[in-house]
J.: 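First the structure, then my questions, so here it is.
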Amino acid sequence: MDSTEVQKITENSLLEELVNNSKKQLFYARIRTVLTLVIAGGIALCMAVLVPKLILTIENANSIMAQASETITLANEAIESITSMSESITTMGDNMDTFITDNSETLTGVMEKIEGIDFEGLNSAIEDLGAVVEPLANFFGKFTR
């Protein structure tokens, strides 16, 4: 066999090997394409099933967060109201303390004056006044009948 024939045989075997390799590559490319389509279909199916549920979950979470925000706002207003009421009560207590302190001195003075009143002397003065007024009342009572 001469070298051209050997070369042709070698080229033919190389071409056959190249064709076999191309067929294998085509087969595996088709398998990859089918698997890619199956995976893409699976992802699309999952998205079609999961996305609505995910959107519903997000809407529920937003609703809950809005309610929580409103509750926090109401709690904050209640705390501010309680703080204001506490300050008012403290101010009122201070005012009452000042009022009691100021009036305790006056009340003490009044009580000392009341204790200084001679009730026996006052009673006897009232009896003396009654004794003086009684004849006048009798005198004027005669004119009114």
Side-chain angles (χ1 to χ4, degrees), residues 1-134 136-137 140-141 144-145:
M1 295 202 185
D2 66 9
S3 74
T4 44
E5 285 181 16
V6 170
Q7 190 178 5
K8 283 185 180 183
I9 292 175
T10 308
E11 283 179 7
N12 282 340
S13 72
L14 287 176
L15 285 174
E16 284 179 21
E17 191 177 326
L18 190 60
V19 168
N20 286 337
N21 283 339
S22 292
K23 285 181 181 180
K24 285 181 184 177
Q25 284 180 349
L26 180 62
F27 174 74
Y28 288 121
R30 286 180 180 162
I31 289 176
R32 277 193 308 265
T33 303
V34 169
L35 289 176
T36 302
L37 288 174
V38 169
I39 290 173
I43 289 173
L45 181 64
C46 286
M47 294 297 278
V49 170
L50 293 179
V51 167
K53 289 182 181 180
L54 183 62
I55 289 173
L56 182 63
T57 302
I58 290 171
E59 288 174 356
N60 287 341
N62 283 339
S63 174
I64 290 170
M65 291 303 286
Q67 289 175 354
S69 177
E70 185 177 332
T71 302
I72 289 171
T73 302
L74 291 174
N76 190 30
E77 290 174 2
I79 289 171
E80 288 175 1
S81 176
I82 289 171
T83 302
S84 174
M85 184 177 62
S86 174
E87 291 172 358
S88 296
I89 289 172
T90 302
T91 303
M92 184 178 71
D94 291 341
N95 290 340
M96 288 295 289
D97 194 30
T98 303
F99 176 76
I100 290 171
T101 303
D102 291 346
N103 288 322
S104 68
E105 295 170 5
T106 306
L107 190 58
T108 302
V110 168
M111 290 305 290
E112 288 174 358
K113 288 181 182 178
I114 288 175
E115 288 175 1
I117 294 175
D118 179 18
F119 286 104
E120 290 179 16
L122 183 60
N123 283 338
S124 94
I126 290 172
E127 287 175 6
D128 291 342
L129 181 62
V132 169
V133 172
E134 188 177 344
L136 283 174
F140 285 113
T144 58
R145 291 187 194 169

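As the structure is a prediction and not an experimental result, all values here were calculated from the model.
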J.: Using atom types as modelled, flag every donor-acceptor pair under 3.5 Å from a side chain in residues 22-51 to any protein atom, sequence neighbours excluded.
T.:
| unit_1 | atom_1 | unit_2 | atom_2 | d |
| --- | --- | --- | --- | --- |
| Ser22 | OG | Leu18 | O | 3.0 |
| Thr33 | OG1 | Ala29 | O | 2.8 |
| Thr36 | OG1 | Arg32 | O | 2.6 |

J.: Could you state the interatomic distance from CE (Met111) to OG1 (Thr106), rounded to the nearest 0.5 Å?
T.: 13.5 Å
J.: Any donor and acceptor pair, going by atom type alone, linking the side chain of Thr98 with main-chain N or O of Asp94 inside 3.5 Å?
T.: yes
J.: Using a 3.5 Å cut-off and no angle test, enumerate the donor-acceptor pairs between side-chain atoms of residues 70-87 and protein atoms at least two apart in sequence or in another chain.
T.:
| unit_1 | atom_1 | unit_2 | atom_2 | d |
| --- | --- | --- | --- | --- |
| Thr71 | OG1 | Gln67 | O | 2.8 |
| Thr73 | OG1 | Ser69 | O | 2.9 |
| Thr83 | OG1 | Ile79 | O | 2.8 |

J.: To the nearest 0.5 Å, what is the distance between CD1 (Ile58) and CD1 (Ile55)?
T.: 7.0 Å
J.: Let me confirm one number: the OG1-CD distance from Thr108 to Glu115, rounded to the nearest 0.5 Å.
T.: 10.0 Å
